[in-house]
Amino acid sequence: MAEDLPVPGWKPTRQPSRTRPALSRNAIVDVALRLVDADGLEGVSMRRVAEELGTGPASLYAHVANKEELLELVHDRVLGEVELPEPDPEHWREQLRAVAMSAFRVYVAHRDISRVSLANIPTGLNGLRMGEGLMAIMLAGGVPPQVAAYAIDRLALYIAADAYEGAIFSKRRTATGQSHEEYAQAYYDGVRSFFTSLPPERFPLLSKHVDLLMSGDSGQRFEFGLDMFIRSLATYVEPRDAA
């Protein structure tokens, strides 16, 4: 093949262009997700995505309206990784917890993608699938429809906000060049020192219980809040033998 021959250095020539991958919405989302995983949301721009695809930014707009829509598509792609079980009335609380934990782990695995969900109502296929699945689990367990409807919103907000806070913490740590352990140790030592130094006559409880306030890692605290949420939700369920 002529294309396999070396190019004479003394002759002006133009190399044949390499075949570009077919441009599609899925291909664009693939690249954007890789950029999110590498650099977070700030690392995504239409220009950078286009460069990764070997094309110009203008060509992307035939497939996505703007960066906002692109990030929503990436967010919906990520939600597709959340596992949803077949509703089991006898184990609805365990199932709800498992879905929430799965969503939390998925968000954490993709940097600060959870920020996209804040102040946005998911309308993508996977977002709808998740909403439908959560509603089905709660209704199967006897949670009243109105309560379940509110709970979907509150639970999604809790998961996303907690994951996003972790992403912010991680970004601050990265800026220092320290390891996670070094940064966390220094940060929480400072917080502990501050609470310990509070005047006990003004803040008797905070200064007394500083060890309790500082106990538990972010994962334990997330699970505590989740269990508290589900226990509260269970109070809305009427006994099955009620008339």
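Counting heavy-atom neighbours within 6.0 Å of Arg172 CZ, excluding the residue itself, gives a total of 12 or less. Around atom CD of Glu81, more than 12 heavy atoms belonging to other residues, nucleotides or ligands sit under 6.0 Å away. No more than 12 heavy atoms of other residues, nucleotides or ligands shown are found within 6.0 angstrom of OH on Tyr236. By the 6.0 Å contact criterion, CD on Glu83 is open, its count of non-hydrogen atoms from other residues, nucleotides or ligands being 12 or less. The 12-atom threshold is exceeded at CG of Leu212, counting heavy atoms of other residues, nucleotides or ligands nearer than 6.0 Å. Shown here is Arg221, whose CZ atom has more than 12 heavy atoms of other residues, nucleotides or ligands within 6.0 Å. For Tyr187, the OH atom sits in a loose shell: 12 or fewer heavy atoms of surrounding residues, nucleotides or ligands are nearer than 6.0 Å.
Minimum interatomic distance between Arg77 and Asp30 (heavy atoms only, all atoms of both residues): NH1-OD1, 2.6 Å.
Note on ring orientation: taking the six-membered ring where Trp is involved, the planes of Phe169 and Tyr183 are perpendicular (angle over 60°, cut-offs 30° and 60°).
Between Arg111 and Asp39 there is no salt bridge, since no side-chain N of the basic residue sits under 4.0 Å from a carboxylate O of the acidic one. Salt bridge present: Arg97 and Asp227 bring a charged side-chain N and a carboxylate O closer than 4.0 Å. Between Glu69 and Arg25, at least one side-chain N (NZ, or NE/NH1/NH2) sits under 4.0 Å from a carboxylate O, which counts as a salt bridge.
Taking the side chain as every heavy atom from C-beta outward, Arg93 and Leu233 never approach each other to under 4.5 Å.
Considering only residues two or more places apart in sequence or on other chains, Arg105 meets the side-chain hydrogen bond (donor to acceptor under 3.5 Å, both in side chains) condition with none of them.
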Full working for ring pair (Phe, Tyr, Trp, His ring centres under 6.0 Å) between Tyr107 and His75: CA-CA 9 Å; Tyr107 274 155; His75 176 254; 5.7 Å; yes

Derivation and outcome, ring pair (Phe, Tyr, Trp, His ring centres under 6.0 Å), residues Phe222 and Phe104: CA-CA 9 Å; Phe222 175 79; Phe104 181 69; 3.9 Å; yes

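One distance of note links CG of Leu53 with CZ of Arg48; it measures 12.0 Å at 0.5 Å rounding.
Exactly one residue among Leu157, Asp162, Leu155 makes a side chain to side chain contact (heavy atoms under 4.5 Å, CB included) with Ile159. That residue is Leu155.
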